[in-house]
Structures are given as C-alpha cells and as structure tokens.
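First the structure, in the form of structure tokens, and then the observations on it.
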Protein chains: 2
Amino acid sequence: MCEDRQPRRRRDPAATRTALLRAAAELFAERGFDQTTVRDVAARAEVNQALLFRYFGSKQELFAEVLSHNSEALLDSVATQELPRRILENVLADRAGSGAEHTIVAMLRSFSDERAARVLRDELGGSYVERLARLSDSADADLRADLVLAWLFGIGMMRSVLGKEPLAEASDEVIVGYVTRAVSFLLEKSAPSEEED
Amino acid sequence: MCEDRQPRRRRDPAATRTALLRAAAELFAERGFDQTTVRDVAARAEVNQALLFRYFGSKQELFAEVLSHNSEALLDSVATQELPRRILENVLADRAGSGAEHTIVAMLRSFSDERAARVLRDELGGSYVERLARLSDSADADLRADLVLAWLFGIGMMRSVLGKEPLAEASDEVIVGYVTRAVSFLLEKSAPSEEED
DNA sequence: GAGCTTAGTAAGCAGTTGCTTACTTCCGTC
DNA sequence: GACGGAAGTAAGCAACTGCTTACTAAGCTC
C-alpha cells in the first residue's frame with residue numbers, strides 16, 4: 001500500500017534550522033514576538049514544531065537568535081556606510097528582503113519583550129549612536145545622536161508598523177532629504193553652541 | 001463568629017468601573033496589551049475579575065475604552081496649546097500622572113494590537129498632524145507633519161519604553177529645544193521650497 | 001546487513017488565557 | 001419585613017500556549 005506517512009523533509013538539519021530561522025524572522029516582523037506562536041513558525045517553515053525546541057531550546061532563544069543573527073548583518077551594513085542618510089535608508093528599506101531589515105521591524109513590534117528592547121537599546125542603539133555621535137563634536141553628542149536615532153525608529157514604526165499615510169507611501173528619497181536637512185544642525189561639527197535663554 | 005467573607009468593596013458601580021479603568025490604563029502602559037491579563041487588571045483594581053466583563057464586555061473593549069477615554073483628554077490638552085513644543089512636552093511627560101500621558105505609552109507598547117495601532121494612526125495621528133500641518137504651507141505639509149509626529153513617537157518610545165540613555169534621563173527642556181529648532185525648518189511658513197538635485 | 005546515532009514525528013501535558021455561569025449578598029422600594 | 005433587581009463572588013470551562021516525551025525511521029560506519 002502507498003505510505004503517505006513518510007517524512008517529507010529529507011534529513012537535513014542545516015536546512016531545517018535555516019527554514020525555522022527564516023520563518024521566525026518573517027513572523028516576528030509581521031506580528032511581533034507575543035503574537036507569533038511556535039506552531040506558526042513551524043507551520044511556515046514546514047517543519048515539525050518539536051524540532052524548533054530541538055534546535056533552539058525555547059521560543060525566547062529562537063527570538064534571540066533571529067535578533068543577533070540579523071542585527072549583525074544590519075550592523076555590518078551600517079559599518080560600511082557612514083552617513084545618517086545611509087542609516088535611514090536602511091531603516092526605511094522594509095521592502096527589500098535580505099532579512100536584516102525585517103529585524104528592526106520585528107524589534108519594534110516586540111519591544112515589550114525585554115530581549116528585543118535590550119538589543120534595540122544597547123546593541124543597535126549603541127552602534128548607531130556611536131557612529132552618529134561622531135558627526136558632532138558638542139558635549140552632548142550622544143544625546144543628539146539619540147534624538148536622531150529616535151527619529152529613525154519613529155519613522156520606521158509609523159511606516160512599517162502603523163502604516164500611517166502619507167508617510168508610509170512617501171519615497172525614501174524625500175524622507176531622507178528632509179531628515180538629513182532637519183538633523184544637520186544637530187550633528188554638525190563645531191556647533192556655535194549658543195544656548196537659548 | 002467573625003466573617004472575613006464580606007465583600008470589601010461596598011456596592012459602588014461607578015467606583016468599580018473607574019478603578020478598573022485606572023488599573024487598566026496603568027497596566028497597559030506598563031506592559032502593553034498582550035502582557036496584561038484581565039486578572040492583573042482586576043487584581044490591581046481590587047475588584048473581582050468577572051466584573052471586568054460585566055462592565056466592559058471584553059478585554060478588547062476595556063482597552064478601547066482606555067484609549068478613547070484618555071486620548072480625548074490628550075487631544076483636549078493639545079487643542080488648548082499650539083506649538084509642537086507643547087505637543088512634545090505632552091509626549092515627554094510620562095512622569096506626570098494625570099492618566100492621559102499613560103495613553104501614548106500604552107499605545108506604543110501595544111501597537112501590535114490593531115486597535116491601538118488604529119487609534120495611534122488615525123485619531124491621534126490625525127489630530128496631531130492636522131495641527132502640525134497648519135504650521136507649514138508647503139505642498140506636502142502633511143508629510144512634514146508626519147515626520148514630526150514620527151519623531152515625537154520615536155522619542156517617547158526610546159524614553160518610556162526602551163529607556164535608552166542618555167535620552168531617557170535628558171531633561172524635557174533640552175529635548176524640546178533641540179527638536180523645536182531642528183523641526184522649525186520643516187514646519188515654517190513660506191518655505192523657500194528649493195529642491196536639492 | 002547489524003547497530004548506533006540522530007533527525008523527524010505524534011501525541012499530549014501543565015499552565016495560562018479570556019470569558020461564562022450559577023450563585024450569594026446588598027440595598028432601595030413597597 | 002418581604003422582595004426583586006443589581007452588584008459582587010467563586011468556580012470552572014474551552015481554547016491556546018510553550019514545551020516534553022516516547023517513539024519511528026533515516027543514514028552513516030563497520
């Protein structure tokens with residue numbers, strides 16, 4: 001008799017792991033950590049859900065893996081670029097599907113989770129801010145950089161998560177242009193540092 | 001014999017409702033919609049949790065009530081003021097505890113929930129943007145206003161939700177000063193409207 | 001081909017969730 | 001004081017969650 005019970009997936013641990021990571025990255029970006037179940041991830045990866053625990057131990061660890069895996073790629077891309085303009089393009093590029101861009105959205109959607117918040121705040125924030133702060137020589141360069149970062153996150157949030165119009169449909173170039181110009185005085189070197197009363 | 005079974009709360013439907021609303025507003029702001037359980041809310045309100053459903057029908061409706069109730073107060077406070085400076089102060093004031101300020105944080109923490117996202121995007125975003133857009137007379141005033149709103153939300157997120165330093169500890173005045181100045185060129189009237197190549 | 005390791009599977013457990021139901025008790029009205 | 005509606009309570013249901021376990025079978029070594 002025909003056996004329809006055979007395991008569909010030929011034994012391939014690496015492929016299985018990758019499939020789970022991919023599916024998880026997508027779903028966390030689409031729905032956030034809480035709203036994504038391990039069964040969802042396994043289903044999209046077309047993998048038995050017990051394997052998720054075999055390979056990653058727990059949902060939390062899977063999440064951490066997604067974050068670290070993709071945020072490394074994200075940081076690499078940032079490291080090779082130098083302007084807030086470039087960074088912003090990176091945050092804006094939620095259409096492009098290399099996976100790394102998903103990550104910011106996933107974190108924005110999941111930052112009620114402590115781990116996502118930590119990565120967003122420390123790792124990513126730290127690296128971005130470090131680069132941004134170099135663009136200014138004022139005493140509070142870090143604060144200024146934080147403000148810029150807040151803007152980038154806010155824009156990403158309103159575009160990808162809220163879908164707020166007209167911002168969501170605006171071209172990257174226009175947004176980059178505005179933000180770059182508005183922010184220029186925050187990040188310029190040798191600011192006049194004139195305090196307003 | 002002593003009866004320790006008597007209901008602590010004297011019959012007072014209005015007070016019960018209010019207590020539930022208050023507790024819910026606090027908890028949604030602290031943890032977000034998903035991470036808040038109806039048992040949490042009832043416990044903080046010191047109310048039997050079945051009453052939550054008696055008064056609000058469902059957790060979703062309670063959430064909606066919190067949002068609409070407090071965002072009205074929020075919009076009122078905005079309506080009496082006129083500058084993005086004021087709006088920003090409002091977003092920043094998560095310490096002040098009138099309840100209305102909680103709301104933005106609650107929404108920022110819960111916007112994976114469709115309802116929170118909707119309020120954030122449509123009602124609040126709509127009203128803020130309307131006021132902000134009036135400050136500019138350029139053709140894309142709405143987009144510029146969206147960008148400003150994104151900044152305000154981003155700052156609120158990084159301060160209240162992520163707790164990113166040094167932004168979280170920075171004084172409101174400093175932040176307001178920077179943002180107001182950086183944003184001024186976005187929102188000024190009769191902008192030169194010179195396109196960059 | 002025997003035997004071992006391990007990828008993959010099916011089933012289900014224990015805890016939590018939002019919500020309901022059947023009940024008790026308060027309190028104004030007559 | 002009886003009574004009836006409404007406020008408040010206790011208990012639990014059904015669904016879902018992350019995770020585990022006991023198992024099957026694939027594939028490498030010899």
Side-chain angles (χ1 to χ4, degrees), chain A residues 1-24 27-28 30-66 109-110 112-116, chain B residues 1-24 27-28 30-66 109-110 112-116:
Chain A
M1 64 184 73
C2 61
E3 307 170 322
D4 52 1
R5 182 64 75 78
Q6 65 205 340
R8 284 157 205 154
R9 181 174 304 278
R10 301 292 194 94
R11 288 190 153 211
D12 191 342
T16 301
R17 234 189 92 100
T18 303
L20 283 169
L21 263 179
R22 243 189 95 135
L27 284 166
F28 287 146
E30 288 173 20
R31 312 181 193 171
F33 180 80
D34 290 330
Q35 295 287 348
T36 300
T37 71
V38 294
R39 286 170 176 81
D40 290 336
V41 175
R44 180 167 297 193
E46 291 181 324
V47 155
N48 187 291
Q49 59 126 339
L51 293 178
L52 188 152
F53 297 95
R54 170 189 280 278
Y55 287 114
F56 299 99
S58 71
K59 185 189 176 189
Q60 278 281 348
E61 292 176 78
L62 170 62
F63 187 52
E65 193 104 355
V66 168
R109 274 198 196 275
S110 313
S112 69
D113 179 272
E114 194 186 338
R115 200 173 306 230
Chain B
M1 67 184 73
C2 63
E3 309 170 320
D4 52 3
R5 182 64 74 77
Q6 68 205 337
R8 283 154 204 155
R9 181 175 304 278
R10 300 292 195 91
R11 291 190 153 212
D12 190 342
T16 300
R17 233 189 93 100
T18 304
L20 282 169
L21 264 179
R22 244 188 95 136
L27 284 165
F28 287 147
E30 289 173 19
R31 312 179 195 172
F33 180 80
D34 290 329
Q35 295 289 348
T36 301
T37 71
V38 294
R39 285 169 177 83
D40 291 336
V41 175
R44 179 167 297 193
E46 291 180 325
V47 155
N48 187 291
Q49 59 125 341
L51 293 178
L52 187 152
F53 297 96
R54 171 188 279 277
Y55 288 114
F56 299 98
S58 72
K59 184 188 176 190
Q60 278 281 349
E61 291 176 78
L62 171 61
F63 186 55
E65 193 103 354
V66 168
R109 274 198 196 276
S110 313
S112 67
D113 180 271
E114 193 187 339
R115 199 172 307 228

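Throughout, protein chains are lettered first and strands after them, A, B, ... in sequence-line order, and every chain is numbered starting at 1. If you're wondering where the values come from, they're calculated on a predicted model, not measured in any experiment.
Ring geometry, B:F63 versus B:F33: the interplanar angle falls from 30° to 60°, so the pair is classed tilted.
Rounded to an integer number of Å, the gap from B:Q35 CD to C:dT16 C1' is 12 Å. Between the CZ atom of B:R54 and the C1' atom of D:dT9 there is a distance of 10 Å, rounded to whole Å. A straight line from CG of B:L27 to C1' of C:dT17 spans 16 Å, rounded to a whole angstrom.
Residue A:Y55 is classed as a sugar-phosphate contact, given heavy-atom separations below 4.0 Å to backbone atoms only.
Residue B:L21 holds its CG atom at 11.5 Å from OG1 of B:T16, rounded to the nearest 0.5 Å. Within the model, atoms CG of B:L62 and OH of B:Y55 stand 13.5 Å from one another, a figure rounded to the nearest 0.5 Å. Interatomic distance, B:T36 OG1 to B:L27 CG, rounded to the nearest 0.5 Å: 5.0 Å.
Each salt bridge (charged side-chain N to carboxylate O under 4.0 Å, His left out) pair with one or both residues in residues 48-64 of chain A, not counting sequence neighbours, would appear here, but there are none.
Remark: B:E65 pairs with B:R17 by the side chain to side chain donor-acceptor pair (under 3.5 Å) rule, at least two apart or across chains.
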| message | One character per nucleotide, please: for nucleotides 17-22 of chain D, 5' to 3', B when the base has a protein heavy atom closer than 4.0 Å, S when only the sugar-phosphate does, - otherwise. | response | BBBBB-

Donor-acceptor pairs under 3.5 angstrom involving side-chain atoms of residues 38-45 of chain A: please list them, not counting sequence neighbours.
unit_1 : atom_1 : unit_2 : atom_2 : d
A:D40  : OD1    : A:T37  : OG1    : 3.3
A:D40  : OD2    : A:R31  : NH1    : 2.9
A:D40  : OD2    : A:T37  : N      : 3.1
A:D40  : OD2    : A:T37  : OG1    : 3.1
A:R44  : NH1    : A:E26  : OE1    : 2.9
A:R44  : NH1    : A:E30  : OE2    : 2.9
A:R44  : NH2    : A:E30  : OE1    : 3.3

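Taking the C1' atoms of five terminal pairs at each end of the helix from C:dG1-D:dC30 to C:dC30-D:dG1, the two resulting helix axes are inclined by 10°, rounded to 10°.
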